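What you see is a predicted model; the values in this text were computed from it and never measured.
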Amino acid sequence: ENSDYKFPSRNIALFAEHIFQVHPKITITPGIRFEHIQTFSEGYYRRFVKDFAGNIIYDSTTVEELNNKRSFVIGGLGLSFKPNSKMEIYANFSQNYRAINFTDMRIQNPNFIIDPNIKDEKGFTADIGMRGSIQDKITYELTLFAIKYNGRIGQVLRADTPPLYIDYRFRGNISDARNIGIETFIEADLFKVFGKKVDGFTWTIFNNFAFVDARYVNTEDKAIQGKKVEMAPPVILRSGTTVKYKPFSFTFQFSYTSEHFSDATNAELTPTAVEGIIPSYKVADISMSYTWKMLTAEASCNNLFNEQYFTRRAEAYPGPGIIPSDGRGFYFTLMLKL
């Protein structure tokens with residue numbers, strides 16, 4: 001199969017926001033956005049089939065001219081309360097909109113089919129949280145959030161095409177979805193916490209943790225009702241430490257991503273490996289830097305323990321199937337400041 005397409009688009013956006021200081025400690029920020037989006041395509045695609053001798057036994061050319069215009073208004077509201085200079089409590093609500101384009105729709109791949117009637121996503125995002133610092137020793141932030149997608153664009157595994165009924169990935173507005181979760185961040189200066197001070201020496205530790213429960217809701221498709229949203233790990237952890245002594249700096253970071261699915265039916269294993277579980281994985285990185293006058297030397301090692309893992313399953317080149325992530329890698333940079 002081959003094609004010759006043009007996918008131009010036009011986007012006009014107007015945004016207005018105003019900050020209201022209703023109280024010395026309370027700020028309200030409403031905003032509104034207007035968008036006009038036009039995506040259109042013009043071209044053709046050719047489909048042909050060859051026999052085992054390389055002779056073309058089927059050849060057809062299809063010409064397409066598509067045009068999609070839409071205009072919409074979305075709004076949002078933010079609230080901030082600062083009881084003191086070291087703490088802020090905030091809440092936000094905003095409508096969201098995800099526009100599709102024709103490059104998403106025109107894919108020539110037998111393992112991946114897109115619904116020709118795919119539509120834009122609509123929904124909202126809301127969060128409430130607090131952030132601040134404790135005596136300039138500990139910095140923290142805690143956020144609770146909720147995201148709603150109406151007609152979420154997702155991927156589902158199907159095998160309903162005769163005569164072979166081979167598994168393929170179908171993408172379209174498969175269902176409504178909701179994501180709820182919590183995210184935390186904390187960073188502490190250990191010398192300040194324990195009341196000790198060493199000239200030119202700092203040692204900090206940090207931790208970022210996120211828990212997400214993302215599921216499909218409000219659908220008549222029993223195969224995905226209540227199932228977990230694909231490519232949404234329930235647990236993500238980032239933790240590490242940074243040591244600095246005068247011009248020298250050293251950082252170690254450890255990250256963990258929990259097991260999750262690559263399609264909406266939560267298939268655990270398929271013959272083509274296009275869909276299935278993405279196992280949990282752990283990755284550690286280190287980096288060092290040293291500055292002398294105008295020169296800065298930086299060295300780093302990604303995937304320190306040479307973890308074997310993957311983060312995606314491709315339906316086309318270089319797949320189909322599992323695409324392994326990079327192994328251990330070393331990098332060195334020398335920078336000159338003039």
Side-chain angles (χ1 to χ4, degrees), residues 95-100 104-105 107 109-127 143-162 164-183 209-237 255-282 309-316 319-325:
Q95 296 173 296
N96 55 38
Y97 187 95
R98 179 189 174 189
I100 57 100
D104 294 328
M105 298 175 60
I107 295 181
N109 189 320
N111 297 318
F112 192 30
I113 296 177
I114 297 181
D115 184 354
N117 299 316
I118 193 171
K119 298 179 180 179
D120 302 328
E121 290 181 4
K122 297 180 181 180
F124 68 83
T125 302
D127 64 73
T143 305
L144 300 174
F145 61 87
I147 304 173
K148 177 67 182 300
Y149 298 97
N150 296 320
R152 184 185 185 277
I153 299 173
Q155 298 176 159
V156 62
L157 189 65
R158 292 184 177 178
D160 53 8
T161 303
L164 300 179
Y165 296 96
I166 297 176
D167 293 336
Y168 67 90
R169 184 181 297 183
F170 177 84
R171 182 171 180 231
N173 303 99
I174 59 176
S175 171
D176 294 348
R178 64 105 180 103
N179 299 5
I180 56 175
I182 182 173
E183 183 173 7
F209 172 80
F211 172 79
V212 182
D213 182 44
R215 296 184 182 272
Y216 285 106
V217 297
N218 302 331
T219 176
E220 296 180 357
D221 189 346
K222 301 302 182 182
I224 63 175
Q225 174 65 32
K227 295 293 182 67
K228 296 181 179 180
V229 174
E230 69 273 18
M231 308 308 296
V235 176
I236 298 177
L237 173 68
S255 63
Y256 168 80
T257 302
S258 65
E259 176 183 280
H260 53 287
F261 297 96
S262 59
D263 83 301
T265 61
N266 293 179
E268 296 186 3
L269 182 66
T270 61
T272 61
V274 171
E275 302 294 353
I277 284 179
I278 296 179
S280 62
Y281 56 92
K282 305 175 288 293
Y309 68 102
F310 65 93
T311 60
R312 67 189 182 103
R313 294 173 179 263
E315 70 280 347
I322 293 170
I323 307 300
S325 293

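Taking CD from Glu121 and CD1 from Ile153, the interatomic distance works out to 4.5 Å, rounded to the nearest 0.5 Å. Note that the CZ atom of Phe261 and the CD1 atom of Ile277 stand 4.5 Å from one another [nearest 0.5 Å]. Taking CD1 of Ile236 as the start and OG1 of Thr257 as the end, the distance is 5.5 Å to the nearest 0.5 Å. Separating the CZ atom in Phe310 from the CD1 atom in Ile323 is a distance of 10.0 Å, to the nearest 0.5 Å. Taken from CD1 in Ile180 to CD1 in Ile147, the straight-line distance is 11.0 Å, to the nearest 0.5 Å. Note that the OG1 atom of Thr265 and the CD atom of Glu275 stand 7.0 Å from one another [nearest 0.5 Å].
Closest heavy-atom contact between Ile224 and Ala264: CG2-O, 3.5 Å. Of all non-hydrogen atoms in Asp115 and Gly172, the two that sit nearest each other are CB-CA, 4.1 Å. Considering all non-hydrogen atoms of both residues, Phe211 and Val235 come closest at CD1-CG2, 4.0 Å. Listed here is the closest heavy atom pair of Arg215 and Gly226: NH1-O, 2.9 Å. Residue Ser175 comes nearest to Thr219 through the heavy atom pair OG-CB, 3.3 Å, listed as atom of the first residue, atom of the second, then distance. Thr311 and Tyr281 make their closest contact through CG2-OH, 3.5 Å (heavy atoms, listed as atom of the first residue, atom of the second, distance).
With respect to the salt-bridge test (charged N to carboxylate O, under 4.0 angstrom), the residues Glu230 and Arg313 do not qualify.
The main-chain N or O of Tyr97 is never found under 3.5 Å from a side-chain atom of Asp120 such that the two would form a donor-acceptor pair. Under a 3.5 Å cut-off, the side chain of Asn179 and the backbone N or O of Ala146 do not form any donor-acceptor pair.
Side-chain contact check for Met231 versus Ile278: some heavy-atom pair is nearer than 4.5 Å. Residues Lys282 and Ser255 have side chains not in contact (no heavy-atom distance under 4.5 Å, counting atoms from C-beta outward).
In this model, no donor atom of one side chain and acceptor atom of the other lie less than 3.5 Å apart for Glu259 and Ser280. In this model, a donor atom of one side chain and an acceptor atom of the other lie less than 3.5 Å apart for Thr125 and Asn96.
For NZ of Lys148, the number of neighbouring non-hydrogen atoms (other residues, nucleotides, ligands) closer than 6.0 Å is greater than 12.
Screening Arg178, Gln225, Arg152 against Tyr216 for a side chain to side chain contact (heavy atoms under 4.5 Å, CB included) leaves a single residue, Arg152.
The stretch residues 262-273 participates, sequence neighbours left out, in no salt bridge (charged side-chain N to carboxylate O under 4.0 Å, His left out) pair at all.
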